[in-house]
Participant: 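Mind looking over this structure? Questions follow.
Just so it is clear, the structure is predicted and the values come from calculations on it, not from any experiment.
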Amino acid sequence: MPPKDSTMTGLLPQLEEVFLTLSLIPEIRSSPMNNLTGIAGYEVISQRCKSDLDELEAVLEREPERCPYCAAPGPRSKGRYLRKVRHRSGYGRSTFLLVHTRRFWCWRCKRSFLPTLPGIRPYRQSSELFRKEVHQRHEDGICASTLAKRERIGQATVERIYHQHTELEVRKRSNRDCPRMLGIDEHTLGKKNRFCTTFCDLGNNRVFEVRPGRSEKELSGFLASLPGREKVEVVCIDLSQSYRKLVRRWFPKARIVADRFHAVRVLAHHFTGLCREIAPEITRNSGLLAILRTRPGRLSQKQIRRRQELFDKHPTLEPLYLKRWQIHSLLCQKSCTAKKCRSNAKELYRHIEELQQQGFAQLKTLAKTLQQWIEPIATMWRFTKNNAITEGFHRKMKLIQRRAFGFRNFENYRLRVLAQCQ
């Protein structure tokens with residue numbers, strides 16, 4: 001009698017467990033709790049693997065017990081019915097789902113019907129899981145033509161699936177009531193520089209609406225039918241006279257807040273243009289221009305020496321430089337009290353008077369702009385909301401345009417923006 005191998009003796013319990021698992025595979029496949037389809041309500045009866053695709057045959061776990069039209073119990077079978085739809089891919093292979101069911105006939109209302117198939121909508125040749133998969137891949141950046149070749153479907157089918165899912169997402173999230181805090185800004189669409197206006201919900205950090213055009217004439221139809229616009233409290237805009245006129249007419253109870261970025265940008269634009277007129281070498285030397293644009297406290301020792309050399313050569317630049325950063329620090333103040341806002345407004349008036357007394361046209365234009373927008377700027381010190389989130393969404397909108405290689409239909413562009421800019 002051969003001696004017992006201790007290694008084999010230790011492996012016997014593991015082999016018995018493996019054999020038991022293999023013997024249960026048919027029961028697992030035929031169990032109604034299997035998840036081969038990924039959709040609850042089906043029982044897979046077979047799985048066939050062909051050269052280039054897989055087929056899953058399934059039946060409904062529960063057949064209808066009542067007529068969907070008259071709710072009569074006990075509908076009768078009228079014959080077998082096979083529904084073949086495209087299903088989500090598995091391991092890079094195309095998969096089809098074959099559902100075996102029956103057409104039923106109601107003895108009371110004399111009407112025939114097909115049972116509702118979970119995850120498969122009527123008159124569609126693909127399951128909802130497959131359509132969701134196509135929508136997600138197209139949204140991740142795969143173009144429609146490449147995705148159509150991979151999935152062996154038409155390019156128009158990809159666009160139709162994406163449009164339907166995008167429209168569904170917009171309907172889920174849409175709230176037609178105008179938000180309490182609104183940001184309004186413009187951006188371009190396409191190479192023809194078509195302007196669009198973005199209405200951003202600053203309270204929830206999402207895009208509320210996108211409309212073509214930027215003038216009051218182009219936007220008046222949309223604003224006239226906008227519900228809840230009388231409840232808007234704050235509207236943040238850039239230093240645009242057309243937008244301010246639009247807000248005053250269509251949002252009568254809203255307070256206009258100047259966007260801090262655009263206010264500082266106007267200040268830098270006029271002072272930089274004046275410095276280039278005084279010292280022409282600034283235009284040819286980007287290093288000097290960067291020194292003048294950088295805050296004084298962030299300059300290195302080398303930059304400070306170059307700045308002083310420029311001031312020694314052009315003494316007029318130094319007081320202008322100091323005045324520019326005094327106004328800049330004043331505009332950048334945030335969350336001020338009402339008392340502090342009044343003090344800042346007096347200081348800004350003093351700077352405006354000093355700019356008007358200068359003999360430079362650039363400074364007089366800047367003083368006129370600041371004087372016209374003194375009230376929205378004072379509101380800017382009081383409120384912390386600005387159009388930074390709107391500018392961020394504009395960056396995302398540009399990516400949507402590039403990925404789609406342009407849009408001919410504005411409604412398609414609008415749906416994608418509302419679905420993705422949340």
Side-chain angles (χ1 to χ4, degrees), residues 170 173-224 226 228-229 232-251 254-269 331-332 334 369-370 372-373 375-402 407 410-411 413-422:
V170 172
R173 302 174 182 177
S174 62
N175 183 12
R176 297 307 303 167
D177 289 337
C178 196
R180 188 171 54 89
M181 291 179 288
L182 196 64
I184 302 177
D185 203 0
E186 63 186 20
H187 67 282
T188 57
L189 175 61
K191 295 182 179 180
K192 297 182 180 179
N193 292 330
R194 294 178 294 168
F195 283 99
C196 302
T197 300
T198 306
F199 297 87
C200 187
D201 183 359
L202 300 181
N204 297 318
N205 293 339
R206 65 183 182 90
V207 174
F208 172 68
E209 188 58 80
V210 180
R211 305 303 299 182
R214 60 173 177 175
S215 64
E216 184 179 0
K217 181 179 179 181
E218 294 170 316
L219 299 174
S220 58
F222 163 72
L223 294 175
L226 183 63
R229 54 186 175 86
V232 178
E233 300 177 2
V234 176
V235 177
C236 185
I237 59 174
D238 55 8
L239 306 185
S240 170
Q241 294 289 352
S242 60
Y243 277 152
R244 180 161 67 172
K245 182 180 178 181
L246 182 144
V247 171
R248 286 176 175 175
R249 177 179 179 183
W250 297 104
F251 304 97
R255 302 194 67 175
I256 300 176
V257 179
D259 184 42
R260 183 175 287 102
F261 169 78
H262 289 90
V264 173
R265 185 182 180 184
V266 168
L267 174 68
H269 172 74
L331 294 178
C332 288
K334 304 177 183 179
T369 302
L370 294 177
Q372 291 176 349
W373 289 87
E375 185 177 348
I377 290 175
T379 314
M380 176 188 72
W381 290 323
R382 182 68 170 163
F383 294 94
T384 59
K385 293 296 181 180
N386 54 50
N387 268 341
I389 185 65
T390 310
E391 297 293 346
F393 281 135
H394 285 171
R395 173 63 178 172
K396 195 169 184 177
M397 293 176 192
K398 293 297 180 183
L399 294 178
I400 294 174
Q401 295 177 26
R402 295 190 187 103
F407 286 92
F410 178 80
E411 186 62 24
Y413 171 68
R414 171 182 170 273
L415 289 176
R416 295 201 183 194
V417 169
L418 295 180
Q420 297 183 28
C421 296
Q422 300 288 340

Participant: Would the number of heavy atoms belonging to other residues, nucleotides or ligands and lying under 6.0 Å from NZ of K398 be above 12?
Facilitator: yes
Participant: Do you know the tightest heavy-atom contact between G213 and L219?
Facilitator: O-CD2, 3.9 Å
Participant: Sub-3.5 Å donor-acceptor pair from the side chain of E391 to the main-chain atoms of D185, do we have one?
Facilitator: no
Participant: Mind checking the SG-CE spacing from C332 to M380? Nearest 0.5 Å is all I need.
Facilitator: 7.5 Å
Participant: Just wondering, do V207 and M397 contact through their side chains at under 4.5 Å, heavy atoms?
Facilitator: yes
Participant: Nearest heavy-atom pair of C178 and F208: which atoms, and what distance?
Facilitator: CA-CZ, 4.0 Å
Participant: Hey, could you give me the CE/CD distance between M181 and E233, rounded to the nearest 0.5 Å?
Facilitator: 8.0 Å
Participant: So do P376 and R244 actually touch side chain to side chain, heavy atoms under 4.5 Å?
Facilitator: yes
Participant: Report the residues that fulfil salt bridge (Lys or Arg N to Asp or Glu O under 4.0 Å) with R382, sequence neighbours left out, ordered by chain and then residue number.
Facilitator: none
Participant: Could I get the full list of salt bridge (Lys or Arg N to Asp or Glu O under 4.0 Å) partners for R249, not counting sequence neighbours?
Facilitator: E216
Participant: Check I400 against F407 and note the closest heavy-atom contact, atom names and distance.
Facilitator: O-CE1, 3.8 Å
Participant: Taking the side chain from K385 and the backbone from L182, do they hold a donor-acceptor pair closer than 3.5 Å?
Facilitator: no
Participant: A side-chain contact here means heavy atoms from C-beta on lying under 4.5 Å apart; do F222 and E209 qualify?
Facilitator: yes
Participant: Got a sec: does the CD of Q372 have more than 12 other heavy atoms crowding it under 6.0 Å?
Facilitator: yes
Participant: With sequence neighbours left out, write down each residue that passes side-chain contact (heavy atoms from CB on, under 4.5 Å) with N204, or none if nothing qualifies.
Facilitator: D201, R206
Participant: Check the pair V257 / N386 against side chain to side chain contact (heavy atoms under 4.5 Å, CB included), numbers first and verdict last.
Facilitator: CA-CA 8 Å; V257 179; N386 54 50; over 6 Å; no
Participant: Listed by chain and number, what are the salt bridge (Lys or Arg N to Asp or Glu O under 4.0 Å) partners of R248, not counting sequence neighbours?
Facilitator: none
Participant: Report the C-alpha separation of C421 and K396 in whole Å, then their side-chain angles, then the decisive distance to 0.1 Å, and conclude whether the side chain to side chain contact (heavy atoms under 4.5 Å, CB included) test is met.
Facilitator: CA-CA 7 Å; C421 296; K396 195 169 184 177; 4.1 Å; yes
Participant: For a 4.5 angstrom cut-off between non-hydrogen side-chain atoms, does I256 reach Y243?
Facilitator: no
Participant: Please tell me if the side chains of C200 and N387 come closer than 4.5 Å, counting only heavy atoms from C-beta onward.
Facilitator: no
Participant: How far apart are the closest heavy atoms of L223 and F251, and which atoms are they?
Facilitator: CD2-CZ, 3.9 Å
Participant: Counting C-beta onward and ignoring hydrogens, is there a side-chain heavy-atom pair between R260 and L331 closer than 4.5 Å?
Facilitator: no
Participant: Could you tell me which non-hydrogen atom of N205 sits nearest to which non-hydrogen atom of F393, and how far apart they are?
Facilitator: O-CZ, 3.5 Å
Participant: Using ring pair (Phe, Tyr, Trp, His ring centres under 6.0 Å) as the criterion, list what pairs up with H187, not counting sequence neighbours.
Facilitator: H394
Participant: Would you indicate whether the side-chain heavy atoms of I184 and V247 approach each other to under 4.5 Å?
Facilitator: yes
Participant: Could I get the full list of side-chain contact (heavy atoms from CB on, under 4.5 Å) partners for S220, not counting sequence neighbours?
Facilitator: W250
Participant: Considering non-hydrogen atoms only, spot the tightest contact between A258 and L239 and give its length.
Facilitator: CB-CD2, 3.9 Å
Participant: Considering only heavy atoms from C-beta outward, does the side chain of V210 approach that of F410 to under 4.5 Å?
Facilitator: yes
Participant: In this structure, are over 12 heavy atoms from other groups packed under 6.0 Å from R229 atom CZ?
Facilitator: yes
